[in-house]
Amino acid sequence: MEINVLLPLLIRKESLMNTRQILCFLQLSETKSFSAVAEKMFLSISTVSYQLRHFEEELGFPLFFRDQHSVTLTPAGAAYAEELRKIYDMHQDAIERAAQIYRESQTLTVGFTPEVILNCYPALLLNFQKCCPQIHLDSVPVNISSGCDPLRFKTVDMMFTYDCWVKNNPDYEFISLKQSQFYCVVNHEDPLAVKSEIEPQDLSGKTIIITTHNDQWIRDIVQEIDQCTENVNYLEIEYCNFAIGFVKANAGVSIFPYKTIPGEKNDVLFIPFNRKRKITLVLAWRKGELNEVGKAFIQLCQTKMKTIQF
């Protein structure tokens, strides 16, 4: 019997057959034992027998030959069991696919920059749990030098980043959240450590550690420094944490668009660099992929960022 012939039998309005009956039938067709089916399904033998008799009455034909010692499928029962197993397995696959989609819709993966982690991550996490308790917020730390790679490679649904990465990229959408101050990162033994603010001209003769020349904000700062200073050397490295390491070793200074929590006595210092220069923190996502969970997170960020000082 073809599946398209069986489907009307399964879904016809006058049919009262249920999942328990179908499972009882499929189990009995495999085990040929009422007691085995009853044990596996945590039912009494009489309940299993009743379910199957009612099942046969609804179908209008017998599924089993029964005697005191054995259970055997009728030819119609054998054909029905073969096709019904296919339908049942398809149904289970459909449930699993739908459940996977549901689970994914209940998780929001967000990339957090160091600035956001240090200043407002706890507040965002706690408030998101209150307003969306059914949603799991999966937090992924991202390096500012990675740009929008986490979005591009789909390792996050949304991410905090800076406007220079996304404002001219048609693949992303974003909202602006907060203007950030640039900071000059210096060793506590550096002569610049006594300053309350550092201007580009203060960097003459310095080695400046930068992560990449491909970032627009870094290119702008390098151009500004070059116009105001002399004898500046640039040391280009790959990651921001490496830059911190070079500053700790007193091998130069660096410039970051955020400020970390002050560390121990031998840690680096973050001193405001050219207060007129700003960079905007944004929350970005892939174009056309903003769902209701993401909208809820955006609304929360827009509300909380107004009250958080960076």
Side-chain angles (χ1 to χ4, degrees), residues 1-45 47-56 58-59 61 63-64 71 73 76-112 125 128-140 142 149-159 171 285-298:
M1 189 179 295
E2 297 293 332
I3 290 178
N4 60 356
V5 175
L6 283 171
L7 281 173
L9 290 174
L10 287 172
I11 63 176
R12 61 188 180 180
K13 291 183 179 179
E14 66 271 19
S15 174
L16 298 177
M17 67 179 66
N18 55 45
T19 303
R20 176 181 286 184
Q21 291 173 334
I22 292 172
L23 282 174
C24 282
F25 168 63
L26 291 176
Q27 291 288 337
L28 189 60
S29 69
E30 295 172 0
T31 65
K32 310 296 192 298
S33 168
F34 278 91
S35 60
V37 174
E39 182 178 356
K40 190 167 186 177
M41 296 188 64
F42 302 99
L43 300 172
S44 66
I45 294 176
T47 299
V48 173
S49 178
Y50 172 80
Q51 293 285 344
L52 288 170
R53 288 191 183 279
H54 193 62
F55 197 33
E56 288 175 315
E58 287 207 30
L59 289 172
F61 55 84
L63 298 170
F64 296 96
V71 178
L73 284 165
Y80 187 54
E82 180 180 356
E83 298 300 331
L84 185 59
R85 170 57 68 182
K86 296 176 185 178
I87 296 173
Y88 181 77
D89 289 343
M90 288 170 58
H91 181 237
Q92 292 303 108
D93 289 343
I95 291 175
E96 180 55 35
R97 288 196 299 271
Q100 178 64 27
I101 292 172
Y102 173 77
R103 287 192 294 270
E104 291 175 354
S105 71
Q106 299 302 293
T107 299
L108 181 66
T109 304
V110 179
F112 285 84
L125 178 61
F128 188 72
Q129 289 175 339
K130 289 180 181 178
C131 70
C132 301
Q134 77 281 12
I135 308 298
H136 172 66
L137 182 62
D138 189 5
S139 309
V140 179
V142 295
D149 283 352
L151 280 179
R152 183 160 62 95
F153 295 119
K154 297 190 175 183
T155 57
V156 299
D157 301 312
M158 312 179 80
M159 70 176 291
D171 295 330
W285 58 92
R286 290 178 295 275
K287 188 173 183 179
E289 297 188 17
L290 182 63
N291 57 22
E292 293 304 315
V293 176
K295 291 178 182 178
F297 187 72
I298 286 174

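Surrounding NZ of K32 are more than 12 heavy atoms belonging to other residues, nucleotides or ligands, all under 6.0 Å away. No more than 12 heavy-atom neighbours from other residues, nucleotides or ligands sit within 6.0 angstrom of CZ on R53.
By the side-chain hydrogen bond (donor to acceptor under 3.5 Å, both in side chains) test, E39 is found to be paired with no residue, residues two or more places apart in sequence or in another chain being considered. Take T155 and apply the side-chain hydrogen bond (donor to acceptor under 3.5 Å, both in side chains) test, not counting sequence neighbours, and it matches no residue. For K130, there are no salt bridge (charged side-chain N to carboxylate O under 4.0 Å, His left out) partners two or more places apart in sequence or in a different chain. Residues forming a salt bridge (charged side-chain N to carboxylate O under 4.0 Å, His left out) with R20 (at least two apart in sequence, or on another chain): none. Annotation: salt bridge (charged side-chain N to carboxylate O under 4.0 Å, His left out) contacts of E82 (sequence neighbours excluded): none. Here F297 pairs with F128 under the ring-ring contact (aromatic ring centres under 6.0 Å, His included) rule; sequence neighbours left out. For D138, the salt bridge (charged side-chain N to carboxylate O under 4.0 Å, His left out) test picks out no residue, with sequence neighbours left out. Applying the side-chain hydrogen bond (donor to acceptor under 3.5 Å, both in side chains) test to E289 and every residue at least two apart in sequence or in another chain returns R286. Every residue meeting the ring-ring contact (aromatic ring centres under 6.0 Å, His included) condition with F112, not counting sequence neighbours, appears here in chain and number order: Y121, F160. By the side-chain contact (heavy atoms from CB on, under 4.5 Å) test, A76 is found to be paired with F61, T74, residues two or more places apart in sequence or in another chain being considered. In this structure, Q27 has no side-chain hydrogen bond (donor to acceptor under 3.5 Å, both in side chains) partners at least two apart in sequence or on a different chain. Residues passing the side-chain contact (heavy atoms from CB on, under 4.5 Å) test with Q92 are Y88, I95, sequence neighbours excluded.
Atoms NE2 and CD, on H91 and E96 in that order, are 12.5 Å from each other to the nearest 0.5 Å. The structure places NZ of K40 at 12.0 Å from CG of L28, a figure rounded to the nearest 0.5 Å.
You'll find the side chain of F25 reaches within 4.5 Å of the side chain of L52, heavy atoms only. The shortest distance between side-chain heavy atoms of I22 and I87 does not fall below 4.5 Å. Looking at L26 and R85, their side chains come closer than 4.5 Å, going by heavy atoms from C-beta outward. Between L43 and C24 the shortest side-chain heavy-atom distance falls below 4.5 Å. At a threshold of 4.5 Å between non-hydrogen side-chain atoms, the residues V48 and M41 do not count as touching.
When the options T109, V293, L290 are evaluated for a side chain to side chain contact (heavy atoms under 4.5 Å, CB included) with M158, the one that passes is L290.
Taking all atoms of both residues into account, the shortest heavy-atom contact from A296 to C132 is CB-SG, 3.9 Å.
Checking side-chain atoms of E56 against main-chain N and O of F64 turns up a donor-acceptor pair under 3.5 Å.
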Task: side chain to side chain contact (heavy atoms under 4.5 Å, CB included) between W285 and D157, worked out - done: CA-CA 6 Å; W285 58 92; D157 301 312; over 6 Å; no
TODO: Could you go through the side chain to side chain contact (heavy atoms under 4.5 Å, CB included) check for V156 and L151 one step at a time?
DONE: CA-CA 6 Å; V156 299; L151 280 179; 3.8 Å; yes
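Between D89 and K86, no side-chain nitrogen of the basic residue sits less than 4.0 Å from a carboxylate oxygen of the acidic one, so the salt-bridge criterion is not met.
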